[in-house]
Amino acid sequence: MVFVEPMRNAEIADALSELATLYELDGAVRYRVLAYREAARVIRQSPVPVAELARQGRVTELPGIGKTLEQKILALLETGTIPAAEKLKRKFPPTLVEVTRIPGLGARTARRLYDELGVASLEDLREAAAAGRIRELRGMGAKVEQNILARLDRLAAEGPAERRLLSDVLPVAEELAAALREHPAADAVSVAGSVRRMAETCKDVDLIATASDGAAVARALAEHPQAAAAGTAGPNGTRITTHTGIAVDLRIVPPDTYGNLLQHFTGSARHNVVLRERAVAQGLSVSEHGITHVESGRVRRCATEEEVYAELGLAYIEPELREGRGEIEAAAEGRLPRLVEAGDIRGDLHCHTTLSDGHDSLGEMAEAARARGYAYLAVTEHSASHGFGNAVPAGALERRIEEVREWNAGAPRGFRLLAGAEVNIGGDGSLDYPDELLAELDWVIASVHTAFNMGRERMTERIVAAVEHPLVDCIGHLTGRLILRRDPYPLDAERVIEAAARTGTMLEINGNPNRRDLSEGHARMAAEAGVRIVVTSDAHRVATLDNIRYGVATARRAWLTRREVANARPWRELARLRKRARA
DNA sequence: GCCGTTTTCGGCCCGACTGTTTTCAGTCG
């Protein structure tokens, strides 16, 4: 059976992004090109299917999308192409778009190379550079040719610059920042950029520092054991590449502009654009060097970020919120949420032991959770039919419940284990334990682990059926996505969220850094709909209990407060929030 | 092409870097 799925946000965004480049090649005014790029960005990060919005005539509700873009999107959804793009593709060879993706080459240069040298593809580009024909053009020299060849070689060897999972980058960033802080000449050192914002993926690491001897600190980074290659280390910083291929930029500034630089390099780009546009309206100009009062020319330098935001009439904005999603308006109006913090989490509600597919025993996981300062830990093995690890048939789960009771009998005060399960949701929405057994458990998560390719409508009905089951307390990793590896399965998340709100079923933010599912967009939608959120580690060993930090990061990026996170409460309170306790 | 505490037209963030050029355009973050 073939399911025709509506076009995904990423596909719509790709089409608009390509059209932006085509317009740019065609010499369109800059702001039209920017409008298409911005629309592509907004669509790519939208938590709801934009195809659906467009069909309902609501796509212009998205910021940056007006009548013209609406028409283009509708044409794309109906015919699979955008007429304007087709027309431009008849004017330029489609491979010319690839030429603009070479770092350092933009659309204007690509257009000139096409017009003046007939370069229409990456192969043409290499030939022209190798033959020394590019230096014949006005404003181009031999250096340009060398750079083009080097970048073509790197593209061939490494492929396009890829983004990495936060969990691959964050430990490196923290280790390097800690090492620099140890240096006697270093004053303050901060991680900035997407790592500081705890984004799902990162391209590189930005470090910001002040120092009594900048060159010495830069040299310390260049000579760090993690550095495989380093640029020249000067008083203003340096750039290295780690052995794992991560690019790290260190920038060193005087203490009096440390806040300006940290704010600038924490971003996001969109946050800074909105911030600066607002500042312009107030007669101010914001840059990494300070805030200039345009009329008087007076420059205010800020040692801290708090001063930067205060100078602009804004409350301090947490890095996780700086994505240009309304945080600046909220900061101006004093209605920023007080974000949930790692220390608010009272217990973890999703983990595995050797009984299913974990690596550590029940006792080891319990001790580790207690040592973290948790008051409770729900042990939630996979059920019988998930298709990997050890199956846990009903009898084994009953023995596990006994084991948990016995452990609790000898447990130290202030900590308890909860008997739970991560029950597989069958293709028809059924669960693979009998209700009598589920009723004996303290905590039941239901998750999809099998049959991902069933179509949006059936998948939605399947999960809504689990949501409506009276003994399901929580739905695990709602969309099944694996960041950078596997798309979410087609699903009407809004309908599931509506059902969860209606039934009092909680939704999990799974802190496994590959998942972070709910995504921040879905988590924000769910919380706004009144759904209780649970932040978990989905730990499969003692060490990965630490993954809770990625779950908390997603919760913070979703604007969640402590009140909206159910496991920021003691178990007694949380237990009463379960729908089974309220029935 | 979008959008409105300077509203339906005229604006649209800011600076560094690069390579080329005697003052700047293009690109990037």
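Just so we're on the same page: letters track the sequence lines, and every chain starts at 1.
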For A/R495 and A/E498: C-alpha separation, side-chain torsions, deciding distance, then whether salt bridge (charged side-chain N to carboxylate O under 4.0 Å, His left out) applies.
CA-CA 5 Å; A/R495 252 178 75 199; A/E498 180 275 321; over 6 Å; no
Suppose we screen for salt bridge (Lys or Arg N to Asp or Glu O under 4.0 Å). Which residues come up paired with A/R335, at least two apart in sequence or across chains?
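So A/R335 forms a salt bridge (Lys or Arg N to Asp or Glu O under 4.0 Å) with A/E333.
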Between A/T561 and A/E564, is any side-chain donor less than 3.5 angstrom from a side-chain acceptor?
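Yes, A/E564 and A/T561 have a side-chain donor paired with an acceptor closer than 3.5 Å.
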Pairwise 5' ranking along DNA chain B for A/L69 and A/G283, keeping only the more 5' one
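On the 5' side of the pair lies A/L69.
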I want to confirm an ordering. Mapping A/V29 and A/I102 to their closest nucleotides on DNA chain B, which one lands closer to the 5' end?
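Its nucleotide being nearer the 5' end, the pick is A/V29.
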Quick one: is A/H289 getting a side-chain N or O under 4.0 Å of the B/dA16 phosphate, OP1 or OP2?
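Affirmative; the distance criterion is met.
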Are OP1 or OP2 of B/dC14 and a side-chain N or O of A/R276 less than 4.0 angstrom apart?
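Answer is no, no contact under 4.0 Å.
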May I ask you to say what [X] touches in the nucleic acid, namely base, sugar-phosphate or nothing, with a heavy-atom cut-off under 4.0 Å?
{"X": "A/A192", "value": "nothing"}
{"X": "A/L34", "value": "nothing"}
{"X": "A/V286", "value": "sugar-phosphate"}
{"X": "A/V144", "value": "sugar-phosphate"}

Can you check nucleotides 9-12 of chain B for protein contacts, nitrogen or oxygen pairs under 3.5 Å, and list what you find?
| unit_1 | atom_1 | unit_2 | atom_2 | d |
| --- | --- | --- | --- | --- |
| B/dC12 | O3' | A/E277 | OE2 | 3.4 |

With both distances under 3.5 angstrom, what nucleotide forms a Watson-Crick or G-U wobble pair with B/dT8?
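Result: none.
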Are any of the side-chain heavy atoms of A/L482 and A/R515 separated by less than 4.5 Å?
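A/L482 vs A/R515: side chains touch.
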Taking the chi torsion of B/dT22, is it syn (within 90° of 0) or anti (everything else)?
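B/dT22: anti glycosidic orientation.
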Give the C-alpha distance, both sets of side-chain angles, the deciding distance and a yes or no for salt bridge (charged side-chain N to carboxylate O under 4.0 Å, His left out) between A/R524 and A/E323.
CA-CA 14 Å; A/R524 193 169 171 186; A/E323 296 291 343; over 6 Å; no
Mind checking whether A/Y316 and A/Y309 have parallel, tilted or perpendicular rings, split at 30° and 60°?
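Correct class here is perpendicular.
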